[in-house]
Amino acid sequence: MPSDSSPLRRGWESLTTFAPHGDAHWVALRAGVCMGVPLLLLWAIDRLDLALPATFGAFTALYGRSHAHRSRAVMQASAAVVLVGAVTAGTLLGAAGAGSAVVAAALALTAAVAVVVSIAWAWHPPGALFPVFALGATSSAAVPPGDVAPHVAVAVGTALFALVVGAIGALTPARHRPRQHWDAPLHAALRSPRTLEEVLRVAVAVGLAAAVASGAGLGHAYWASVGAAAATSGASTRHRVVRGVHRAVGTVAGVLVAGGLLALDLDPLATIVLVIALQVAAELLVGRNYAVALVTITPLALLMVHLGSPEPVSTLLVDRVADTVLGVLVGLAVVLVVDRISARRRGSR
């Protein structure tokens with residue numbers, strides 16, 4: 001039987017332990033509104049083909065969960081610029097029919113930019129996961145060239161809407177406002193050698209994961225990049241390994257849930273309502289237990305992809321598991337290699 005301090009025991013505890021609630025209901029409410037209102041409007045005008053850019057613009061609401069309103073607005077504005085930029089680049093790549101190598105390079109570049117901005121403006125949540133997801137998903141949609149402008153406009157509009165929703169709380173009495181301290185912009189951090197190490201680690205893992213997934217013939221290769229982005233974010237090697245394990249385990253469980261939901265073959269309006277509910281649930285859980293949150297995040301992502309561009313359910317489910325596990329493995333391999341190289345450099349000084 002493993003000792004209390006064994007890696008197996010610590011891993012099991014991380015999968016089954018829940019952090020405090022932390023007033024996550026307010027974050028969940030903002031996320032549900034910012035996701036739901038644009039999707040319902042698109043459904044009303046019969047333009048659910050614009051669901052993906054609307055979703056990624058709405059991701060702006062996920063930043064600055066419990067920060068004071070002014071700092072949250074600055075943080076969300078910086079995230080909005082990167083997210084809209086990722087949607088724009090991805091949509092252009094899709095319209096141009098860019099090859100897998102070009103998309104992999106674009107994913108790596110997007111990851112590098114996102115990490116730099118994340119450090120400079122102390123994003124919460126930190127890292128490149130959402131921008132990488134945005135570029136990957138929109139580049140795979142392959143929209144006609146004439147539809148690029150509407151896609152970008154919708155992403156801009158939903159990001160602005162998220163900024164407005166995030167600022168509404170400033171109208172409440174001061175005693176009810178969040179007061180979490182914010183240390184950004186951390187421009188000094190950009191001059192740290194560790195920043196360059198983090199940028200290279202994430203960018204290499206994200207690009208390599210996409211290249212390997214494409215070379216292996218897997219569909220939705222950008223999901224491998226998203227898995228790599230998740231596995232390479234964290235304060236230490238141990239945290240990155242734990243996060244990678246959570247990503248893989250939570251995704252497998254979430255695919256089982258997604259399979260059941262997709263089998264219902266819901267109409268678009270019912271799917272949107274379900275997406276809103278899953279988004280709220282994800283925000284209630286993601287700060288408490290990442291693996292459990294992925295049980296809602298995974299079906300949310302698959303329903304969104306299926307809503308914007310329907311495809312065989314079996315393909316979605318198999319690709320999600322295969323790409324995610326591959327991406328996590330690539331990400332953790334890069335983490336361990338970079339960690340060993342850094343340790344050798346420090347030891348030679």
Side-chain angles (χ1 to χ4, degrees), residues 6-15 100-101 103-112 114-115 125-133 135-137 140 197-256 258 286 289-295 297-298 301-302 305 315-343:
S6 70
L8 183 60
R9 176 63 63 87
R10 291 198 303 268
W12 174 251
E13 288 178 350
S14 76
L15 289 169
S100 58
V103 173
L107 286 165
L109 179 60
T110 298
V115 170
L129 192 151
F130 291 138
V132 166
F133 186 15
L135 185 136
S140 69
E197 179 184 308
E198 183 171 355
V199 170
L200 291 175
R201 180 180 63 244
V202 177
V204 169
V206 165
L208 182 60
V212 172
S214 297
L218 297 177
H220 304 89
Y222 68 89
W223 280 339
S225 290
V226 174
T232 51
S233 67
S236 66
T237 298
R238 178 179 175 276
H239 284 101
R240 292 169 195 132
V241 171
V242 168
R243 188 172 174 84
V245 171
H246 276 231
R247 186 81 191 183
V249 172
T251 295
V252 172
V255 161
L256 298 177
V286 72
N289 185 302
Y290 188 49
V292 175
L294 279 159
V295 178
I297 292 171
T298 299
L302 293 174
V305 171
T315 301
L316 281 175
L317 300 179
V318 172
D319 285 352
R320 182 70 177 191
V321 172
D323 282 311
T324 299
V325 172
L326 173 63
V328 167
L329 291 175
V330 170
L332 292 180
V334 171
V335 164
L336 295 176
V337 169
V338 171
D339 187 58
R340 176 161 294 188
I341 292 173
S342 299

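Residues L336 and T237 come closest through the heavy atom pair CD2-CG2, 4.0 Å. R243 and S233 make their closest contact through NE-OG, 3.0 Å (heavy atoms, listed as atom of the first residue, atom of the second, distance). The two atoms that bring A128 and V115 nearest to each other are CB-CG2, 4.1 Å, heavy atoms only. When all heavy atoms of A253 and V295 are compared, the pair lying nearest together is CB-CG2, 3.9 Å. Taking both residues in full, the closest heavy atoms of A203 and A112 are given as CB-CB, 4.1 Å, listed atom of the first, atom of the second, then distance. For the pair A210 and L107, the tightest heavy-atom approach, listed with the atom from each and the gap, is CB-CD1, 3.8 Å.
For V338, the side chain to side chain contact (heavy atoms under 4.5 Å, CB included) partners are E197, R201, V334, S342, not counting sequence neighbours. Residues passing the side chain to side chain contact (heavy atoms under 4.5 Å, CB included) test with A293 are L285, V286, I297, sequence neighbours excluded. For R247, the side-chain hydrogen bond (donor to acceptor under 3.5 Å, both in side chains) partners two or more places apart in sequence, or in a different chain, are Y290. The side-chain hydrogen bond (donor to acceptor under 3.5 Å, both in side chains) check on R240 picks up nothing, with sequence neighbours excluded. For T251, there are no side-chain hydrogen bond (donor to acceptor under 3.5 Å, both in side chains) partners at least two apart in sequence or on another chain. Residues passing the side-chain hydrogen bond (donor to acceptor under 3.5 Å, both in side chains) test with T315, sequence neighbours excluded: none.
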Taking distance alone, no hydrogens or angles, what donor-acceptor pairs closer than 3.5 Å link side-chain atoms of residues 216-227 to residues at least two apart or in another chain?
| from | atom 1 | to | atom 2 | distance (Å) |
| --- | --- | --- | --- | --- |
| H220 | ND1 | D319 | OD2 | 2.9 |
| H220 | NE2 | E311 | OE1 | 3.3 |
| H220 | NE2 | E311 | OE2 | 3.1 |
| S225 | OG | V206 | O | 2.8 |

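Using a distance-only test at 3.5 Å, with no hydrogens or angles considered, no donor-acceptor pair links the side chain of S214 to the main chain of A211.
Distance check: T232 OG1 to L129 CG gives 9.0 Å after rounding to the nearest 0.5 Å.
The list of side-chain hydrogen bond (donor to acceptor under 3.5 Å, both in side chains) pairs with a residue in residues 320-329, not counting sequence neighbours, is empty.
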